[in-house]
Amino acid sequence: MKINANIELKRITVSDCNALFNLMKEIYPQAYDHFWEDKGNWYVASQYSKENITKELLEEDTDYYFIIYKGEKVGNFRIIWNHKLADFSERKTVKLHRIYLHKKTQGKGIGKQLLQWLEQEAKKKQYEMIWLDAMDEKPQAFQFYKKLGYQYHSHCFLPFELLHDKYRKMSQVYKML
């Protein structure tokens with residue numbers, strides 16, 4: 001699925017599990033290794049295992065893609081349609097569950113283009129709101145989402161044992177469409 005001349009999305013299938021795992025072994029530690037006692041190895045191994053990816057692909061109302069930039073796989077993008085945010089149960093909402101980009105592609109407008117595409121798709125499907133969880137210890141992410149019109153809603157804490165305590169807080173942010 002073409003987003004523009006340089007960016008496209010390729011649907012992830014079960015046969016892509018190894019490719020996704022290997023890509024995330026490269027991408028995730030670049031941004032988050034200092035959050036973890038084991039440099040994020042457990043997180044990548046558990047979240048990107050064939051078993052977990054297969055389970056996530058079978059979830060209803062979910063789209064999971066590789067992000068392709070100039071012909072190269074540079075990240076992943078997971079959307080969960082009809083996923084509610086507390087206090088907005090009466091709204092038709094979509095959750096951006098994952099968006100990871102390789103460090104070498106950051107600052108090229110890829111994230112912005114993907115979020116604009118998601119907004120257009122959500123509007124076509126008559127969704128009223130997009131929301132996501134963002135790591136509090138990644139202030140540049142907050143600035144990015146804020147610049148695109150997202151607002152703070154609430155926060156939660158990740159329960160992962162190997163995650164350093166100071167990195168557990170996640171803020172839930174949303175944008176009305």
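Just so you know, these numbers come straight off a predicted model, no measurement behind them.
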* Cation-pi, Y32 ring and K138 (6.0 angstrom, 45 degrees) -> yes
* Identify whether NZ of Lys or CZ of Arg in K175 sits under 6.0 Å from the centre of the six-membered ring of W131 and within 45° of that ring's axis. => no
* Asked: With side chains defined as the heavy atoms from C-beta onward, is the minimum distance between L115 and F144 less than 4.5 Å?
  -> yes
* Counting heavy atoms not belonging to K147, are there more than 12 under 6.0 Å from its NZ? -> no
* Describe, in one word, how the ring planes of Y174 and H153 are oriented to each other, choosing from parallel (under 30°), tilted (30 to 60°) and perpendicular (over 60°). => perpendicular
* Does E137 come within less than 4.0 Å of K169, counting only side-chain N to carboxylate O? -> no
* **Value rounded to 0.5 Å, distance of OG1 in T62 from NZ in K55** => 10.5 Å
* **N41 (side chain) donor-acceptor with D38 (main chain) under 3.5 angstrom** => yes
* State the CD-CZ distance between E90 and F88, to the nearest 0.5 angstrom. => 7.5 Å
* Asked: Is the shortest heavy-atom distance from the side chain of Y64 to the side chain of R98 under 4.5 Å?
  -> yes
* Separation of F142 CZ from M135 CE (nearest 0.5 Å) -> 9.5 Å
* Mind checking whether L57 and I67 sit in one hydrophobic cluster, side chains of I, L, V, M, F, W, Y counted as touching below 4.5 Å? -> no
* Asked: Would you say Q140 has more than 12 foreign heavy atoms packed within less than 6.0 Å of its CD?
  -> yes
* Asked: With a 4.0 Å cut-off, would you call R78 and D63 a salt bridge?
  -> no
* Quick one: do D133 and S171 satisfy side-chain contact (heavy atoms from CB on, under 4.5 Å)? Show the steps, please. => CA-CA 6 Å; D133 296 319; S171 287; over 6 Å; no
* So, are D16 and K10 salt-bridged, with charged N and O less than 4.0 Å apart? -> yes
* Say you draw a straight line from CG of L20 to OH of Y65; how long is it, rounded to the nearest 0.5 Å? -> 14.5 Å
* To do: Specify the closest pair of heavy atoms between H34 and H164, including all atoms of both residues, with the distance to one decimal.
  => O-CD2, 3.4 Å
* Taking the side chain as C-beta and beyond, is there a heavy-atom pair between K39 and P29 under 4.5 Å? -> no
* Considering only NZ, NE, NH1 and NH2 on the basic side and carboxylate oxygens on the acidic side, decide whether E128 and K92 come within less than 4.0 Å. => no
* Asked: Are I80 and F77 co-members of a hydrophobic cluster defined by side-chain heavy atoms under 4.5 Å apart?
  -> no
* **Taking every non-hydrogen atom, the tightest pair across E56 and H97** => OE2-CE1, 4.1 Å
* **4.5 Å side-chain heavy-atom contact, V173 and L132** => yes
* To do: To the nearest 0.5 angstrom, please state how far the CG atom of L162 sits from the OG atom of S46.
  => 9.5 Å
Could you list the donor-acceptor pairs under 3.5 angstrom formed between side-chain atoms of residues 104-112 and any protein atom two or more places apart in sequence or on another chain?
{"residue": "K104", "atom": "NZ", "partner": "E72", "partner atom": "OE2", "Å": "2.6"}
{"residue": "T105", "atom": "OG1", "partner": "H102", "partner atom": "O", "Å": "2.7"}
{"residue": "Q106", "atom": "NE2", "partner": "L101", "partner atom": "O", "Å": "3.4"}

* For the residue pair Y43 and W36, does the interplanar ring angle fall in the parallel (under 30°), tilted (30 to 60°) or perpendicular (over 60°) class? -> tilted
* Asked: Are I3 and L118 joined in one hydrophobic group, where the rule is that I, L, V, M, F, W and Y side chains link up if heavy atoms are under 4.5 Å apart?
  -> yes
* Asked: Is M129 close to L177 at the side-chain level, that is, under 4.5 Å between some pair of heavy atoms?
  -> no
* **L85 side chain near Q172 side chain, heavy-atom distance below 4.5 Å** => yes
* Do you see a donor-acceptor pair shorter than 3.5 Å between the side chains of N52 and S49? -> no
* Asked: Is R168 salt-bridged to D136, going by a charged N under 4.0 Å from an acidic O?
  -> no
* Which heavy-atom pair separates E119 from I130 by the least distance, and what is that distance? -> CG-CD1, 3.6 Å
* Asked: Is NZ or CZ of K73 both nearer than 6.0 Å to the six-membered ring centre of F66 and within 45° of the ring axis?
  -> yes
* Shortest non-hydrogen separation from M1 to W117 and the atoms involved -> SD-CZ2, 3.2 Å
* Side chains of L114 and I99 in contact at under 4.5 Å (non-hydrogen atoms) -> yes
* Asked: Is the shortest heavy-atom distance from the side chain of K25 to the side chain of N22 under 4.5 Å?
  -> yes
* Given ring-ring contact (aromatic ring centres under 6.0 Å, His included), test Y100 with Y28 step by step and report yes or no. => CA-CA 8 Å; Y100 288 109; Y28 189 84; 5.8 Å; yes
* Decide yes or no on ring-ring contact (aromatic ring centres under 6.0 Å, His included) for F21 and Y48, but give the supporting numbers first. => CA-CA 5 Å; F21 176 76; Y48 293 96; 7.9 Å; no
* Structure fact -> Separation between NZ (K84) and OG1 (T93), nearest 0.5 Å, reads 4.5 Å
* Mind checking whether M176 and Y150 sit in one hydrophobic cluster, side chains of I, L, V, M, F, W, Y counted as touching below 4.5 Å? -> no
